[in-house]
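Source: prediction; values computed, not measured.
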Amino acid sequence: MTNNSALNAFDIACESSWFKSSHSGDNTGAGCISVATLTNNVAVRDSKQQNGPAFITPSAAWSSFIREVKTGRWAA
């Protein structure tokens with residue numbers, strides 16, 4: 001895998017299993033993301049564009065982001 005921060009989701013699929021939050025339900029029209037755990041990184045993509053680009057961030061940064069969201073300190 002290359003060291004790009006935006007890779008095609010298809011390129012990542014061989015190495016990972018994508019999953020959606022259980023809060024997403026079956027609503028495919030909603031603004032949902034899929035996440036894949038990589039070695040030391042996390043890939044994030046739009047669930048509606050499974051072969052589109054993916055954003056890759058270090059696992060520690062993703063964990064910090066999730067922690068902030070859960071505590072309510074970050075809101076959309």
Side-chain angles (χ1 to χ4, degrees):
M1 180 175 359
T2 65
N3 201 9
N4 250 335
S5 61
L7 296 174
N8 186 295
F10 180 77
D11 296 333
I12 300 168
C14 313
E15 299 183 34
S16 340
S17 296
W18 291 96
F19 63 92
K20 253 186 354 179
S21 168
S22 59
H23 297 283
S24 297
D26 291 331
N27 188 354
T28 56
C32 300
I33 60 169
S34 297
V35 177
T37 304
L38 308 169
T39 306
N40 300 318
N41 292 298
V42 173
V44 184
R45 70 178 182 194
D46 182 343
S47 294
K48 296 180 297 301
Q49 296 186 10
Q50 295 182 358
N51 290 325
F55 172 75
I56 299 179
T57 187
S59 298
W62 181 253
S63 295
S64 293
F65 170 72
I66 295 300
R67 191 170 35 257
E68 292 294 313
V69 170
K70 287 182 177 181
T71 60
R73 289 185 277 201
W74 187 89

Closest non-hydrogen contact found for L38 with A43 is CD1-CB, 4.0 Å

[atom2] on [Y] to [atom1] on [X], rounded to 0.5 Å:
X   : Y   : atom1 : atom2 : answer
I56 : W62 : CD1   : CH2   : 12.5 Å
K20 : C32 : NZ    : SG    : 5.0 Å
K48 : S34 : NZ    : OG    : 9.5 Å
T57 : N40 : OG1   : CG    : 12.0 Å

Check whether any side-chain heavy atom of I33 lies under 4.5 Å from a side-chain heavy atom of D46, and answer yes or no. no

Counting N and O atoms only, with roles assigned by atom type, does the side chain of T37 sit under 3.5 Å from a partner on the main chain of V42, one being a donor and the other an acceptor? no

Carefully, step by step, assess F55 and R45 under the rule side-chain contact (heavy atoms from CB on, under 4.5 Å). CA-CA 6 Å; F55 172 75; R45 70 178 182 194; over 6 Å; no

side-chain hydrogen bond (donor to acceptor under 3.5 Å, both in side chains) partners for S64, two or more places apart: R67

